[in-house]
Each structure stands twice: as C-alpha cells, then as structure tokens.
Amino acid sequence: MKDSSAPQGLPFMKMHGLGNDFVVIDARRRTLPVTAALARALGDRHMGVGFDQLAVIETDDTADVRLTFYNADGSLSAACGNATRCIARYLMDETALPALTLRTERGLLTAEDAGGGLTRVNMGAPMLDWDQIPLAAPTDTLHLPIPGDPVGTGMGNPHCTFFVADAEAVDLAAQGPAFEHHPLFPQRTNVEFVQVLSHDAIRLRIWERGTGITLASGSCSCAAAVAAARRGLTGRCVTVHVDGGTLEIDWREDGVWMTGPTAHVFDGWLTPDFLARHA
C-alpha cells in the first residue's frame, strides 16, 4: 500500500518581503530543471501557486549559495532584492551565520543580520552608463528622452524612474506596460513612479518587468533611491514607502544596501502530475 503520509513531488517555500511574494525552490540537494513553462505555471495565481518571482537556490563553489530568478511570465531576472533578503534570512536561520554571500547574475551579493528581525543585503553598485542598463542607444541616463523626463538605472536589471507630484494618482495599470516595452529599453524595463516626501523619504509605486503591479520590489526601491539622489532630490540614505510597507536604502561607496523585513509564510509540495504537465 502506498504511504499517504510521505509527500510526493517537489517541495517549495512561499515567502514575501512587504507583500512582494516568491516561490522558493531549494535545489541544493534535489535538482529540477526549471523551465519557462514551469515558472509561468507556478506563477499563475489561480491554477498554480502564484508569485511575483520564482527563486531557485543551488550550490556554488565559492559563495554560500547561487540564486536564479524568474518573473511570473517565465522570463529570467538577474536581480530580485526582496527575494535575496528572504532567502538570506532563511539561510542565516538555518546555519546561525550572521552574514553570508549569495551569487546571482547581478554578481556576488553580501547579506547580513541587521537586528530586530530585519535583513540587510548589498545589491551592488548601480549601473549608470547607457550600455550597462542597457539602453538601445547612447543616452543621458539622468534625463531619458521619454515624456516625463525619467531617470535610467541598472541594478542588474533595467529601471525607468519617473518623479511625480502624486504617486497615488498614477494609473499604474495603463502607464506601467506602456513604458516597460519602450523601444529605448531592448530588454524591457521595470517602471517606478516616485513622489519625494522629504530629503530622506520617498513614496514609490512599482510596475515590475514581466510581472506587473507589485506591492514592493527591492531592486526598484534601490533604483528609485539612486535616481532621487542623482537628481539632488534626496540624500543617499532614504526610507522608501511602497504599497507593502517600508525599506531603508543606503547608497554607500561599496554598493546600495537595502534593509527590511522578511516573511516565510508556508511550505508546500508540487505534485508529480503538476510537474509532468509543465516540464
């Protein structure tokens, strides 16, 4: 008789950072080739699990782990700041280490326990040259030739940041996809709308490339803070108010540090049938 108490399939974790939610697959001991089709199926909030990003944890020769990120449409993303923080917290709780390194397509990132249940990660230096973001042609990244005069920034993924008088009044559902697919961004772009609240605080609303409207985004928060500082609208250390809560962003000499809360919500199992249908 089949042992019904033994889970079959593939385990996963559901996590979020300020409502920016993730499915996390720990593939350090059990590998599964993740395809774009599987990522899309998992990301469906009605027929799958639902997420803003999918993260896969793998072993690495020199870092503590390697992370690979997928958007809800199945496309790859080189960076996902909130997922990096969530996974860093999970690994620090697992190992009792106060700090660790995580390899991503963005590069080697450092994470540390910030105390009070918060986790801090260095997202690396911002990419400010047009070909690093990348843009389709040589362009002044501080003033992109797009209506609304946005700023272009690379955080391992491309960002287009608009400064507005009232972030709440922005129609994200209409403006987000229009700018995500702007021809100046050959790899599409994340889109941020920023209202400056003070010299050390901004309000941010987010359209994520390949996902849509999200309650928070680590890389978008970093890009928005960098853009505000470059424009002289804020200092280099700001509180970023997103729909899901607040993050602290500190643009230092060694990179852009992001501090905030994390949540490990539940663990589950993907069934063999689901995996077979979406391999």
Side-chain angles (χ1 to χ4, degrees), residues 17 20 53 67 69 76-85 88 101-112 119-146 148-163 179-180 182 184-194 196 199-209 214 216-242 247-260:
N20 187 197
Q53 275 83 30
L67 304 181
F69 304 111
L76 286 165
S77 179
C80 185
N82 280 327
T84 301
R85 283 193 307 102
T101 57
L102 309 98
R103 186 173 303 283
T104 71
E105 288 301 311
R106 170 74 168 109
L108 191 64
L109 307 182
T110 300
E112 60 188 31
T119 305
R120 181 181 297 119
V121 62
N122 183 352
M123 293 296 293
M127 300 172 181
L128 307 180
D129 294 335
W130 72 272
D131 55 340
Q132 295 177 318
I133 293 174
L135 302 179
T139 307
D140 177 4
T141 62
L142 194 55
H143 296 279
L144 298 182
I146 295 174
D149 187 32
V151 178
T153 311
M155 289 300 307
N157 49 11
H159 296 267
C160 182
T161 305
F162 293 85
F163 292 94
F179 290 115
E180 176 187 352
H182 193 282
L184 187 60
F185 292 90
Q187 297 178 6
R188 299 180 295 160
T189 186
N190 298 282
V191 186
E192 298 102 32
F193 295 91
V194 176
V196 177
H199 188 67
D200 56 7
I202 61 176
R203 172 72 172 103
L204 170 62
R205 298 186 66 209
I206 298 161
W207 177 274
E208 279 203 82
R209 177 185 64 165
T214 55
S217 166
S219 65
C220 289
S221 296
C222 292
V226 168
R230 291 183 68 202
R231 282 276 178 94
L233 301 173
T234 67
R236 291 167 65 108
C237 184
V238 296
T239 299
V240 180
H241 298 271
V242 295
L247 289 168
E248 299 297 327
I249 307 297
D250 188 2
W251 182 12
R252 306 177 189 173
E253 291 301 316
D254 64 344
V256 184
W257 287 83
M258 172 182 54
T259 306

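Given the structure is predicted, the values throughout are model-derived calculations rather than measurements.
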Asp250/Arg252 under salt bridge (charged side-chain N to carboxylate O under 4.0 Å, His left out): CA gap, chis, key distance, verdict: CA-CA 6 Å; Asp250 188 2; Arg252 306 177 189 173; 3.0 Å; yes

Nearest heavy-atom contact between Ala216 and Gly17 is CB-O, 3.7 Å

Separation between CG (Leu184) and CG (Leu135), nearest 0.5 Å, reads 4.5 Å

Heavy-atom donor-acceptor pair, Asn122 side chain to Asp254 backbone, under 3.5 Å: yes

Between Ala224 and Glu192, the two heavy atoms sitting closest are N-OE1, 4.4 Å

Taking every heavy atom of Arg120 against every heavy atom of Thr259, the minimum-distance pair comes out as NE-OG1, 3.1 Å

When rounded to the nearest 0.5 Å, the distance separating CD of Gln187 from CZ of Arg209 is 6.5 Å

**Prompt:** Quick one: do the Glu180 and Thr189 side chains pair a donor with an acceptor below 3.5 Å?
**Reply:** no

So do Arg188 and Pro158 actually touch side chain to side chain, heavy atoms under 4.5 Å?
no

Minimal heavy-atom distance between Asp131 and Pro134, with the atoms involved, is O-CB, 3.5 Å

### Query
Taking it one step at a time, do Phe69 and Arg106 satisfy side-chain contact (heavy atoms from CB on, under 4.5 Å)?
CA-CA 11 Å; Phe69 304 111; Arg106 170 74 168 109; over 6 Å; no

Measuring only between side-chain heavy atoms, which start at C-beta, is Trp251 closer than 4.5 Å to Val238? no

- Query: With side chains defined as the heavy atoms from C-beta onward, is the minimum distance between Asn20 and Ile206 less than 4.5 Å?
  - Reply: no

Query raised in the report: Are Leu247 and Asn82 close enough that some pair of their side-chain heavy atoms sits under 4.5 Å apart?
Result: yes

Rounding to 0.5 Å, atoms SG (Cys220) and CD (Glu208) come to a distance of 5.0 Å

Q) Is the shortest heavy-atom distance from the side chain of Val226 to the side chain of Thr161 under 4.5 Å? A) no

### Message
Determine whether Thr141 and Arg230 satisfy the following criterion, side chain to side chain donor-acceptor pair (under 3.5 Å), listing intermediate values before the conclusion.
### Response
CA-CA 10 Å; Thr141 62; Arg230 291 183 68 202; 3.2 Å; yes

Using the ring of each side chain (for Trp, its six-membered ring), is Phe179 parallel, tilted or perpendicular to Phe162, with breaks at 30° and 60°?
tilted

Rounding to 0.5 Å, atoms CG (Asn157) and OG (Ser77) come to a distance of 4.5 Å

Arg85 side chain reached by Met123 side chain, heavy atoms, under 4.5 Å: no

Q) Sub-3.5 Å donor-acceptor pair from the side chain of Arg203 to the main-chain atoms of His241, do we have one? A) yes

Side chain to side chain contact (heavy atoms under 4.5 Å, CB included) filter on Arg231, not counting sequence neighbours, yields Leu142, His143, Asp149, Val151, Phe163, Leu233

In short, Ala229 meets Arg236 closest at the heavy-atom pair CB-CG, 4.1 Å

_For His159, is there any backbone N or O sitting under 3.5 Å from a side-chain donor or acceptor partner on Asn190?_
no

Heavy-atom closest pair (Ala136 atom, Pro186 atom, distance to 0.1 Å) is N-CD, 3.7 Å

OG1 (Thr84) and CD (Gln53) are apart, to the nearest 0.5 Å, by 10.0 Å

field: Close side-chain approach of Phe185 to Val191, heavy-atom, < 4.5 Å
entry: no

Applying salt bridge (charged side-chain N to carboxylate O under 4.0 Å, His left out) to Arg103 and not counting sequence neighbours gives Asp60

In this structure, CG of Leu67 is separated from CG of Leu102 (nearest 0.5 Å) by 5.0 Å

